[in-house]
Amino acid sequence: MKYSKDKYRLPPYLTYATWQRLVGSLRQYTPLRLDRTHLVDLGFSQSTTLTVKASLSFLELIDPNSSEPTDRLLALLKAEGEDYRALLREMVKTAYQPVLGDLDLERATLGQVQECFRRFGAVGNVGHKCLSFFLALAKDAGITLSPNLLTKSRLVAVQKVVPAVLSARTNRASSSMPKRQSAKTRGAGSSYFASKLPDFDPGWPKEVRGGWFDRFQTL
């Protein structure tokens with residue numbers, strides 16, 4: 001596999017839930033520029049905004065210099081159903097071609113795809129996230145995957161349940177904490193449990209948004 005080091009960019013490693021949330025928000029309102037301030041307004045953390053922008057640049061959905069939406073992104077946001085999947089397939093094939101080359105995903109093993117990502121610099125935990133996002137995106141785009149890859153993509157979907165379980169456990173632990181704590185202890189506890197809250201999504205129903213704010217104010 002060959003690729004230009006000058007154009008090297010790490011494949012997206014944001015969670016697929018974050019991707020879906022972003023697309024949903026942009027369908028409702030697409031700004032002239034997807035800069036940090038807009039992403040923060042959507043409820044993304046500072047670190048997540050960097051990951052989102054890098055991912056959009058890799059997928060050629062924003063201009064890497066101006067952060068302005070590309071024609072590809074605008075078309076993707078307007079499309080629905082099979083038209084959306086067709087545009088998604090074209091995006092995946094174009095963006096990931098430097099990573100996968102001509103690898104036949106209908107017959108490729110998980111090990112072969114992992115090797116491709118490692119050669120492109122996606123290693124360790126970040127590499128795992130890159131691969132998970134790619135498989136979820138490919139499946140959503142209707143790209144035929146080998147049984148080996150399809151099994152992995154199903155495992156990714158199951159793993160999405162884990163954050164919700166952890167959040168529920170955190171809420172129970174928070175409610176059982178002693179009411180009388182020193183100011184230092186309360187501050188540390190609030191910071192810890194606040195970090196467990198999901199990023200705020202303005203697209204949530206009104207009652208869900210209200211519950212999020214109520215929970216945040218108690219921390």
Side-chain angles (χ1 to χ4, degrees), residues 1-36 38-40 42 44-45 47-103 105 108 113-114 116-123 126-145 149 152-153 156-157 160 199 201 203:
M1 178 180 301
K2 298 180 180 180
Y3 61 88
S4 171
K5 291 184 178 179
D6 294 335
K7 297 182 179 180
Y8 169 79
R9 291 171 294 174
L10 195 67
Y13 56 91
L14 71 166
T15 66
Y16 204 65
T18 297
W19 161 261
Q20 292 177 313
R21 171 185 159 193
L22 177 65
V23 171
S25 298
L26 294 178
R27 282 183 183 276
Q28 297 180 26
Y29 166 66
T30 308
L32 294 176
R33 188 172 67 181
L34 273 72
D35 56 18
R36 182 187 61 81
H38 178 71
L39 295 175
V40 169
L42 291 179
F44 291 113
S45 66
S47 59
T48 302
T49 61
L50 297 176
T51 304
V52 169
K53 289 190 64 177
S55 300
L56 292 175
S57 178
F58 180 92
L59 297 172
E60 300 179 3
L61 297 178
I62 63 171
D63 183 289
N65 298 314
S66 66
S67 295
E68 295 178 356
T70 61
D71 291 339
R72 169 175 286 175
L73 175 58
L74 297 177
L76 197 65
L77 295 175
K78 293 179 181 179
E80 297 181 357
E82 183 52 40
D83 290 336
Y84 173 77
R85 285 187 287 275
L87 289 173
L88 208 60
R89 282 195 296 274
E90 181 61 28
M91 180 192 75
V92 171
K93 292 178 180 178
T94 301
Y96 283 92
Q97 201 283 330
V99 181
L100 300 172
D102 298 323
L103 184 65
L105 293 176
V113 177
Q114 288 174 325
C116 290
F117 275 82
R118 281 197 294 268
R119 285 198 293 266
F120 208 75
V123 298
V126 170
H128 173 74
K129 292 179 180 179
C130 289
L131 180 59
S132 296
F133 178 81
F134 165 72
L135 291 175
L137 188 64
K139 186 177 179 181
D140 206 14
I143 295 176
T144 304
L145 301 175
L149 298 178
K152 175 65 177 177
S153 68
V156 171
K160 293 178 182 178
D199 290 334
D201 186 353

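Excluded from the calculations below are hydrogen atoms, water molecules and symmetry mates; all remaining heavy atoms, backbone and side chain alike, are included. What you see is a predicted model; the values in this text were computed from it and never measured.
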Next item on the list: Identify which one of Lys53, His38, Arg33, Arg36 satisfies the side chain to side chain donor-acceptor pair (under 3.5 Å) criterion when paired with Ser67.
Entry: Lys53
Notebook entry, point to check: side chain to side chain contact (heavy atoms under 4.5 Å, CB included) between Leu61 and Leu34: does it pass, once the steps are laid out?
Noted result: CA-CA 10 Å; Leu61 297 178; Leu34 273 72; over 6 Å; no
Note to self: To the nearest 0.5 Å, what is the distance between OG1 on Thr144 and CZ on Arg89?
What the structure shows: 8.5 Å
Next item on the list: Decide yes or no for Pro31 and Leu26: does some side-chain heavy atom of the first lie under 4.5 Å from some side-chain heavy atom of the second?
Entry: yes
Next item on the list: Not counting sequence neighbours, which residues clear side chain to side chain donor-acceptor pair (under 3.5 Å) with Ser57? List them please.
Entry: Arg9
Next item on the list: Answer yes or no: is there an ion pair linking Glu82 with Arg85, defined by an N-O contact shorter than 4.0 Å?
Entry: yes
Notebook entry, point to check: Quick one: does Arg21's side chain have a donor or acceptor within less than 3.5 Å of a partner on Leu42's backbone?
Noted result: yes
Check: Roughly how far apart are Leu137 CG and Leu88 CG, rounded to 0.5 Å?
Finding: 5.0 Å
Item checked: Shortest non-hydrogen contact between Leu87 and Ala75, atoms and distance -> CD1-O, 3.6 Å
Next item on the list: Please examine the side chains of Thr18 and Phe44, heavy atoms only from C-beta on, and report whether any two atoms are closer than 4.5 Å.
Entry: yes
Notebook entry, point to check: Which heavy atom in Leu32 sits nearest to a heavy atom in Pro69, and how many Å separate them?
Noted result: O-CD, 3.1 Å
Note to self: To the closest 0.5 Å, what do you measure between CH2 (Trp19) and CG (Leu14)?
What the structure shows: 8.0 Å
Next item on the list: Look only at the side chain of Arg27 and the backbone of Leu77, and say whether a donor-acceptor pair between them is shorter than 3.5 Å.
Entry: yes
Item checked: Gln20 CD to Asp140 CG distance, which is reported to the nearest 0.5 Å -> 6.0 Å
Check: Looking at side-chain heavy atoms only, is the closest gap between Phe117 and Val123 below 4.5 Å?
Finding: no
Check: Minimum heavy-atom separation for Met91 to Leu76, with atom names?
Finding: SD-CD2, 4.3 Å
Next item on the list: Show your reasoning for whether side chain to side chain contact (heavy atoms under 4.5 Å, CB included) applies to Leu22 and Leu56.
Entry: CA-CA 10 Å; Leu22 177 65; Leu56 292 175; 4.0 Å; yes
Check: Do you know the tightest heavy-atom contact between Pro12 and Ser55?
Finding: CB-OG, 3.4 Å
Checklist line | Thr70 side chain to Glu60 backbone, donor-acceptor under 3.5 Å | finding: yes
Checklist line | Trace of the side chain to side chain contact (heavy atoms under 4.5 Å, CB included) decision for Tyr13 with Leu131 | finding: CA-CA 8 Å; Tyr13 56 91; Leu131 180 59; over 6 Å; no
Item checked: Candidate pair Val92 and Phe134, rule side chain to side chain contact (heavy atoms under 4.5 Å, CB included), full reasoning -> CA-CA 8 Å; Val92 171; Phe134 165 72; 3.8 Å; yes
Note to self: Can you pull out every ring pair (Phe, Tyr, Trp, His ring centres under 6.0 Å) where at least one residue sits in residues 50-86? Sequence neighbours excluded, please.
What the structure shows: Phe58-Tyr96
Notebook entry, point to check: Got a second to check how far Leu149's CG is from Leu135's CG, nearest 0.5 Å?
Noted result: 6.0 Å
